[in-house]
Amino acid sequence: MNKTSMKQTAAAFVVGLIFAIGLGVSGMTQPQKVIGFLQLGEGWDPSLMFVMIGAIPVHMLSYRWMKGHRTPLLDTQWHVPASKEITRPLVVGSALFGLGWGLGGFCPGPALTSAGAGQEMAIYFVIAMFAGMGLYRLYARFTVKG
């Protein structure tokens, strides 16, 4: 492993750790918090909204700062999707993500954090998530032209 790769790996670990701690502190590793937010009416839990309100300005400022640089700090180029096309796989994938989030109360980050903490439902969710990713790769291998 070269020096740049080690820096990238260390940075990814630190950022992931900070993200996991933030998820834990905010309670977003608890599916009932997410489901409570998605459940409108009596019993609605606005805490996820406050997490998003806190995250959006941080992202906006970071994005503006990063746009001023020709390359990322730890890479030689930006890895930004070139296509802005709304495709069928994008729509289907988004719908599946939303269904999984609403039914399971997890999205990938909190699921991995909770699974790492030994939460049984999160472990099942992560297994299902990886199975879905594998099925999509298999599907894409046989359907993508190129």
Side-chain angles (χ1 to χ4, degrees), residues 1-87 89-141:
M1 186 179 266
N2 64 34
K3 194 172 186 177
T4 301
S5 181
M6 286 176 56
K7 284 183 180 180
Q8 290 172 326
T9 301
F13 177 79
V14 169
V15 169
L17 182 63
I18 292 169
F19 182 62
I21 291 169
L23 289 171
V25 167
S26 65
M28 293 303 119
T29 57
Q30 302 169 19
Q32 62 271 23
K33 291 286 244 180
V34 174
I35 293 169
F37 174 75
L38 296 172
Q39 174 185 337
L40 300 177
E42 191 175 328
W44 181 66
D45 182 353
S47 56
L48 178 57
M49 179 179 62
F50 294 121
V51 171
M52 288 188 273
I53 288 170
I56 290 170
V58 172
H59 179 280
M60 286 174 48
L61 292 171
S62 299
Y63 186 77
R64 284 177 116 347
W65 177 78
M66 289 185 300
K67 277 183 69 172
H69 294 78
R70 287 178 20 136
T71 62
L73 295 173
L74 298 173
D75 206 340
T76 57
Q77 67 180 19
W78 293 104
H79 300 277
V80 179
S83 175
K84 297 192 185 314
E85 182 181 358
I86 297 175
T87 62
L90 176 65
V91 172
V92 171
S94 299
L96 288 172
F97 177 91
L99 281 170
W101 193 40
L103 292 172
F106 290 111
C107 64
L112 290 170
T113 301
S114 297
Q119 189 175 341
E120 187 177 357
M121 287 307 295
I123 293 169
Y124 295 138
F125 183 92
V126 168
I127 291 168
M129 179 178 73
F130 282 125
M133 292 164 66
L135 287 172
Y136 175 76
R137 284 182 184 227
L138 187 64
Y139 165 79
R141 180 181 301 158

To the nearest 0.5 Å, what is the distance between CH2 (Trp101) and CZ (Phe106)? 13.0 Å

Out of curiosity, Phe13 CZ to Ile18 CD1, how far, rounded to the nearest 0.5 Å? 10.5 Å

Answer yes or no: does atom CG of Leu138 have more than 12 heavy-atom neighbours from other residues, nucleotides or ligands under 6.0 Å? yes

Taking all non-hydrogen atoms of both residues, which atom of Ser26 and which atom of Lys33 are closest, and how far apart? O-CE, 4.2 Å

Value rounded to 0.5 Å, distance of CG in Leu112 from CD1 in Ile123: 11.0 Å

Take the angle between the ring planes of Tyr139 and Tyr136 and call it parallel below 30°, perpendicular above 60°, tilted in between. tilted

Straight-line distance of Leu48 CG to Met28 CE, nearest 0.5 Å: 5.0 Å

Could you pull out the closest heavy-atom pair between Trp65 and Leu73, with the gap in Å? CH2-CD1, 4.0 Å

Does a sphere of radius 6.0 Å around OH in Tyr124 hold more than 12 heavy atoms from other residues, nucleotides or ligands, not counting ones at 6.0 Å or beyond? no

Within this structure, what is the NZ-CG distance for the pair Lys7 and Asn2, rounded to the nearest 0.5 Å? 10.5 Å

Minimum-distance pair of heavy atoms, taken over all atoms of Ser47 and Asp45: OG-OD1, 2.8 Å

Should we count CE of Met121 as having more than 12 external heavy atoms under 6.0 Å? no

Can you tell me which residue pairs pass the salt bridge (Lys or Arg N to Asp or Glu O under 4.0 Å) test with a partner in residues 58-82, sequence neighbours excluded? none

For a quick test of reading the model, state the closest non-hydrogen atom pair linking Phe97 to Cys107 and the distance between them. CZ-CB, 3.6 Å

So CD of Glu120 and CZ of Phe125: to nearest 0.5 Å the spacing works out to 15.5 Å

What residues form a ring-ring contact (aromatic ring centres under 6.0 Å, His included) with His79, not counting sequence neighbours? none

Quick check: closest heavy atoms across Ala20 and Thr113, and the distance to 0.1 Å? CB-OG1, 3.7 Å

Flag if over 12 foreign heavy atoms under 6.0 Å of NE2, His59: no

Could you tell me which residues satisfy side-chain hydrogen bond (donor to acceptor under 3.5 Å, both in side chains) with Glu85, sequence neighbours excluded, listed by chain and number? none

Compare every heavy atom of Phe37 with every heavy atom of Met52, then report the nearest pair and how far apart it is. CE-CZ, 3.8 Å

Hey, is the main chain of Ser114 close enough, under 3.5 Å, to the side chain of Thr29 for a donor-acceptor pair? no

